[in-house]
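Everything below concerns the one structure shown next.
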Amino acid sequence: MNGAVEAANKNIKKILRKMVDNHKQWHERLPFALLGYQTTDRTSTGAIPYLLVYGTEVVIPAEVEIPSLRIIQEAELSDAEWIRSRYEQLALIDGKRMNALCHGQLYQNRMSRALNKRFKPRQFAPEQLVLKRIFPHQDEAKGKFSPNWQGPYMV
């Protein structure tokens, strides 16, 4: 779950960078960035997060000012018809969520197959010398010019 939050934050930061000229205005644009993030398709699920939560397409502010065909059609419905159509949308939400879940699992399988193609298994013999890789998030990583490897170590 933490990885999903980090990915979402990274994407929201990308959206904000495109929207602001300097870093002082980001908090004013954040609601618009969040709306954009919540109302666009995700590659991983093949669905819009807003649709999966609320069971309906989002009404963007421009559609309120200049009514779209969808808004006009909903405005012409009687209260009973609108409630019935909303109930039908909510009844279908479980199916939409299940489709998103299946799509997400297929997406994960495709991603793992693509990553596994690059993986090369290696066999090590006893008393063979090996180097240990230092990854950027480890404590041993001390900056740009620090070594990428530690060792040698004996297997």
Side-chain angles (χ1 to χ4, degrees), residues 1-123 131-144 146 148-149:
M1 186 71 162
N2 192 19
V5 172
E6 289 174 7
N9 287 344
K10 179 180 71 173
N11 289 328
I12 292 168
K13 282 171 55 178
K14 282 182 188 177
I15 294 168
L16 280 171
R17 273 192 216 111
K18 293 176 184 177
M19 294 176 70
V20 297
D21 295 328
N22 59 33
H23 297 292
K24 296 176 185 174
Q25 302 171 341
W26 72 268
H27 63 283
E28 296 170 3
R29 304 293 179 137
L30 183 60
F32 303 108
L34 290 172
L35 178 68
Y37 182 75
Q38 293 167 349
T39 58
T40 54
D41 281 337
R42 296 285 162 268
T43 304
S44 58
T45 59
I48 299 169
Y50 189 93
L51 177 72
L52 294 177
V53 172
Y54 299 108
T56 185
E57 295 282 335
V58 68
V59 177
I60 60 173
E63 284 184 290
V64 175
E65 293 294 321
I66 306 167
S68 65
L69 180 60
R70 176 173 62 124
I71 300 299
I72 292 169
Q73 287 173 341
E74 279 191 8
E76 292 176 357
L77 293 176
S78 69
D79 287 347
E81 290 173 327
W82 184 86
I83 290 170
R84 185 184 48 75
S85 71
R86 184 71 181 120
Y87 180 76
E88 288 172 358
Q89 288 175 347
L90 290 174
L92 295 174
I93 195 169
D94 286 334
K96 291 174 185 175
R97 289 175 179 162
M98 187 59 71
N99 287 342
L101 180 66
C102 292
H103 188 279
Q105 289 173 340
L106 292 172
Y107 178 77
Q108 286 179 346
N109 289 342
R110 283 196 312 267
M111 292 300 292
S112 61
R113 274 198 309 272
L115 291 173
N116 288 339
K117 282 182 184 178
R118 293 189 289 168
F119 177 73
K120 296 176 184 174
R122 297 188 180 166
Q123 298 293 324
L131 296 174
K132 176 187 167 195
R133 173 96 164 105
I134 300 174
F135 292 100
H137 63 277
Q138 289 177 316
D139 292 334
E140 292 88 2
K142 300 283 189 225
K144 185 175 184 176
S146 65
N148 296 330
W149 305 95

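Every heavy atom of this structure was used, including side-chain atoms; hydrogens, water molecules and symmetry mates were not.
- Counting only heavy atoms from C-beta outward, the side chains of Leu106 and Arg110 approach each other to under 4.5 Å.
- Judged by distance alone, the side chain of Arg29 and the main-chain N or O of Arg17 form no donor-acceptor pair under 3.5 Å.
- When every heavy atom of Ile93 is checked against every heavy atom of Tyr54, the shortest pair comes out as CD1-C, 3.9 Å.
- Across every non-hydrogen atom of Leu30 and Ile12, the tightest pair is CD1-CG2, 4.1 Å.
- Put simply, CG on Leu101 and CG on Leu52 are 10.5 Å apart, with the number rounded to the nearest 0.5 Å.
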Does Arg113 form a side chain to side chain contact (heavy atoms under 4.5 Å, CB included) with Asn109? I'd like the steps, not just the answer. CA-CA 6 Å; Arg113 274 198 309 272; Asn109 289 342; 4.0 Å; yes

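- Enclosure of atom CG in Asn9 by more than 12 non-hydrogen atoms of other residues, nucleotides or ligands within 6.0 angstrom is indicated.
- In this structure the side chain of Val58 reaches within 4.5 angstrom of the side chain of Leu35, judged on heavy atoms.
- Looking only at side-chain heavy atoms (C-beta outward), Trp149 and Arg133 come within less than 4.5 Å of each other.
- A salt bridge links Arg84 to Glu88: at least one charged side-chain nitrogen sits closer than 4.0 Å to a carboxylate oxygen.
- Contact annotation: the side chain of Asp41 approaches that of Ile48 to within less than 4.5 Å [non-hydrogen atoms, C-beta and beyond].
- In this structure, Ile15 and Leu34 have side chains that are not in contact, with every pair of non-hydrogen atoms separated by 4.5 Å or more.
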With side chain to side chain contact (heavy atoms under 4.5 Å, CB included) as the criterion, how do Lys96 and Leu51 come out once you've worked through the C-alpha distance, each side chain's angles and the decisive distance to 0.1 Å? CA-CA 8 Å; Lys96 291 174 185 175; Leu51 177 72; 3.9 Å; yes

Checking side chain to side chain contact (heavy atoms under 4.5 Å, CB included) for the pair Asn99/His103: CA distance, chi angles, key distance, verdict? CA-CA 6 Å; Asn99 287 342; His103 188 279; over 6 Å; no

